[in-house]
Amino acid sequence: MAGNNMRNGDVVLEIRGITKHFPGVLANDNVNLTLKKGEILALLGENGAGKSTLMNIVYGLYRADSGQVLLRNQEAHFASPREAIHSGIGMVHQHFQLIPVMSVAENVVLGEEVTSGAFLDRKEAVRHVRELSEQYKLRVDPDAIIEELPVGTQQRVEIIKALYRHAEILILDEPTAVLTPQEVDELFKIMRDLADRGVSIIFITHKLKEVLTIAHRIVVMRDGQVVGEATPAESTPESLAAMMVGREVLLRVQRGPAHPQDTVLDVIGLSALDDRHHHAVRDVSFSVRSGEVLGVAGVQGNGQTELVEVLTGLRHATAGRVIIHGEDLTNTSPRSVTSSGTGHVPEDRRRFGMVDNYTVAENLVLNSYYDLPFSVPPTARTLPVVMAGYIGIFLAFFAVLASIWGALWSSALWSLTLGLFGIQDVESASREAMNGPNMVELIVMLVMVLVIGYLAHRFTMWVLRRLQKAAGKPLRFGKKDRGLVLDHRQIDQHAVGLVEQFDIRTPDVDTHAGSLSGGNQQKMVVAREFGRKPRLLVAAQPTRGIDVGSIEFIHQQIIAQRDAGAAVLLVSAELDEIVALSDRIVVMYKGEIVATVDADKVTREQLGLLMAGASAEDVLGVRAA
Amino acid sequence: MLSILTGTAANRRTAIASGVGLAVILVVAFLAAGAVGPAIVVAVINASIRNMVPIAFGALSGIFSERSGIVNIGIEGMMLMAAYVGFMINVALSVPGVSPILQTEPVRLGLSILGGVLAGGILGLFHALLSIRYRVDQIISGTVINMLALGLTGYFYLPGATTLGRLPPVVVNPFSADSGILFWLGEILFKKGIITYLMFALVIASTIGLFRTVWGLRTRAVGEHPRAADTLGINVHRLQYRNLFFSGCLAGLGGVFLTLEAVGTFERGMTNGRGFIALAVMIFGKWHPLGAAAGALLFGFATALQGQLQFFNINVPHQFVGMLPYLLTVIVLAGFVGRARPPAHVGKPYEIE
C-alpha cells in the first residue's frame, strides 16, 4: 500500500517538551508528539485535557511557555495563524470560521484573493475551488452561499480553505461533534483520501469509536500530559477510556429489568411543523409508562427535535394530543408542562437549557424558582396588603418614638442627652441661623427611618413566613399569584445539595454557569431536571458533546430515575446510547414512527436499517423468517 | 448593467428594486407633466436631486462604516462639522487681501471642499479611535461626535460671514427653451454642481468597490465575521480605521454640499437631522449603495413634493404636508424593508486574541 509506505516516512511535525500555563491551570505539561507524512494521528482526551491548547500553540494562536515546535526538522515559531498557514498548517476549528452570507468561493479565497487588476477574479476563484473539490473529492458548489449549506458541507469548505493555502498538515478540532452519522462517514472517507495523498492529519476528539475507525496512531492526553500512545489494532474502547479518564470506566450501563407501571405520557396522532413550515412530525402516537425508558432512535433532523418541543410546550401542535398523567396538555405552556411533574433536558443546552451569565445556584432553580421554598411572599396580589402593613407598622413605631422625643424635647433631659455625646444644645443659636432642622436632627431622623423601616420589613416577613409555614403551601391567591421575593439562602442551600449529589465540578455555587466545562454544565441541567423527582423525564441528546466520565454518570442517573418510577423518554442520535438505556425503542424517519420494538428483540443493524428508511416489515420480517 | 455591478442574488434584488422605483418615478413624472406642465415637474425633480445628495452621501458613509462592523450614528455630526469647516475656509479665502490665485474659483472652492471633507474624515478617525482602541460603546461614541459638532460649530459660528460665492453649475443647459423635451431634459441633466455629479459617481464606484474588489470582499468579511478574517491574515483594525476615514469623508461631502453647493452659507444645526435620515435610508437600501441611493432619492422626492404642495391651495394644514418626508421614512422603514439584515458583527468591538 502506497499510503502505508508514505506513513513510514518523514516526520513532518515534532513537538518537544511544550509547556503552557494559564492562570491557575497547567494546560500543557512537557508534551512530546510526532506526526509523520500522510498519517492520521488521533489526539484523544477529555474536555480540558489540553488537546486544543496544544494545537492552538502549533497554529500560532497561543505561545508556549517552553518547548519547541519543529516543522520538517526546522524549528518554527508562529506568532499568528497567518504564519502557520504560510508554513502549510491548516486548522478546522470546532466553530467554523466562515462568513455565512458569502459564497463558498469568496470564503475560500478571502485573504489570498485572485485578482485581475484591481478587481476580484471571481471566475478564477470559482475555477480554483472546483478544481480542489474535484481533486480531493470534496463535493461542494463554489457558488453556494455558506448559510444555506448543511454543516457537513460547511466543514468541507473549511478543508478546501486549508488546501487552497497548500496545507500539508491539517488539524481537525472535534470535527465530528456537529455531524450526522452519514456526514461522519463521509468525512472519514475524505480524511483517508487526504492521508493517501500525503496530507498529515491531527484529529482531536474524545469519541472512542471514531478513533478506532479512522486513526493510524492514537495519542491520549490527560490533565495536560501525554499519558499513552497506541494503535487501533492493539486497543479496545475500554482500554482507551481507562487511559483517558485515569480509571476503569463502565462503557456499558448496569441496569436491571424494567418494571413498567401505569402510563404517564400518552401521545395520540401528533403532528407539527418545523421552523420553515414543513411537516416535521406526522401523526405520531406512542406512550411511555412509569418505570421504563422509551428510546427514540433516528438520524438527526427526522422530527425528533420538533417532537420534543411539542411535548414540552415549546412548539405548537397542528394536530393530535399530548396527555401527561391523564391531563390534556396539548398546546399549553412550558410552565404547565413543567408543573405537571415533567423534567426536560433540552438538546441544545446553551440555548435552551441554561443561562450562561447566571450562577450555578440560579441555574439550578430555573424550573422552580417561583415555588416554595425559593419564592417567598409578598406575592403580586398580596403586595398592597403588605405595603399597607409596612406603612402601618412604620407609623406606629414613629408615633411612639415621636411622642418620646416630644416629651424629651420639652424637658431638660434633651440638653443632657446631647451633652452625653459632647454636643452643645443648638436650640438657641444655630437652629435659627440654619432656618430649618440642623444636621444632628437630620441624621437622627434618617437613622430612625432606616431602623424602623428595616424592623417593619423583618417583622412583616416573619409574620408572612410563619403563615406560609403554617399553611404548608405558597400563600397566594390563585395559581398565577407568585411570590415576588427570592429567598437566596434557600436557593443556595438547594444548589449545594444538588452540586454534591450530581457531582458538578464547580468552585462554588456562585460561579457563572458559562465558565463550567460542557460536561459539568450538562450535569447541572440534569441535576435541575432530575433533582425534583419528575414523573416524566424528556431527555434529548443528554450526553452530546461531553466527556466519557460525565456520560457514564448521566446514564446511571437516567436508569436511577427509571428505577425510582419515572417514565423516561430518551431522544438520541447516538445509537449506542439508545441501545444501552432503552427498554423499548421507537424509530423515527421523516417525521413518522416507522417501528416500535422491544430493545432486547432488535439488533443494531436492524435499527440502522430502520433509521435509514427501510420498512419495518422488511427489516423485522426477515428476522422472523 | 445593474446586475453586472452587484454580486449575490440578494444584492441583485436590491438593485432591481431601485431600478423599478426609478422607473415608477419617471412614469409618474411624465403623467404629472401632462397635468401640471413640465416646468413644475422639472422643478420637483431638480429639488428631489438636491435633497437627495446629502442624504445619499450620509447613507454611503453609513454603509462604509457598518459594512466594516462599526455603527456610525455620528454621520450627522460629521456632516455638520464638514459643512462648517468647508464654509469657513471659503470665508477665509474670500477676505480681501488674500492672494488672487487662492481666490480663483477652482482653488478657493477646491480647498474648501478638501478642508471640509478632511474634517469629516478626521471625525471618522476619531470615531474609530474611540470605538476600536478604547472600545467605547459605538452608539455613545457617535453621539459624542454629534454633540461635539453641534457645540463647536454653534459656538464658533460667525453670523453674517460672506463669501465670494458657491459652486457654479459644471455645464450649462446647451439646449434652448424652444427645443421642447430636450430643453427640459437638459434642465435636469445639466446645471448641477460638481458634488452632485460626484455623488452619482461615488454610488456606482462604491457598489463596484464593495462587491467586485479585494477591498470590498475584505470589508464585508470584517463586518460579518472579523475572527474569520483575522485568522486568514486580514488586519481587521487597520481596515476599520481606513474605512472609518472614508466614511467620515463621505459624510463630509454631504456636509460641504450644503454650504458650498446648495445653500452657500452656514447656519447653526443646518444638517437638520439629515444624518439620521441617511441611516434610515441606509437600512432601507439594505446596506447596498444602489439601494441607499434609491432611498435617498425617494426621500428627496418626498421633500420636494412637500415643498411644491405648500404652493398649491390644498386644504391641508401645512404642518401635515411638512410631515410627509418623515412619515414616508417611517412607513418605508416599517413596511417595505422586510428582512433587512445588517452586517452580523456590526456594533461589537473586535478584540484580537
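Convention: sequence-line order gives letters A, B, ...; per-chain numbering from 1. What you see below is based on every heavy atom in this structure, not just the backbone, and it leaves out hydrogens, waters and symmetry mates.
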Is there a salt bridge (charged side-chain N to carboxylate O under 4.0 Å, His left out) between B:R341 and A:E147? Walk through the geometry before answering.
CA-CA 13 Å; B:R341 199 161 90 174; A:E147 63 186 347; 3.0 Å; yes
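With a 4.5 Å cut-off on non-hydrogen atoms, A:T115 touches chain B through its side chain but not through its backbone. Heavy-atom distances place the side chain of B:I234, and not its backbone, under 4.5 Å from chain A. Only the side chain of A:I85 has a heavy atom closer than 4.5 Å to any heavy atom of chain B.
The pair A:R122-A:E106 meets the salt-bridge criterion, with a side-chain N (NZ, NE, NH1 or NH2) lying under 4.0 Å from an Asp/Glu carboxylate O. Taking 4.0 Å as the cut-off between side-chain N and carboxylate O, A:D356 and A:R349 do not count as a salt-bridged pair.
For residues 87-98 of chain A, the interface with chain B (any heavy-atom pair closer than 4.5 Å) comprises A:F96, A:Q97, A:L98, sorted by residue number.
Between B:F64 and B:F246, the ring planes lie perpendicular to each other; the angle is over 60°, past the 30° to 60° tilted range.
For A:E83, the side-chain hydrogen bond (donor to acceptor under 3.5 Å, both in side chains) criterion is met by no residue, not counting sequence neighbours. With sequence neighbours excluded, no residue satisfies ring pair (Phe, Tyr, Trp, His ring centres under 6.0 Å) with A:F119. Applying the salt bridge (charged side-chain N to carboxylate O under 4.0 Å, His left out) rule to A:E306 yields no partners; only residues at least two apart in sequence or on another chain are considered.
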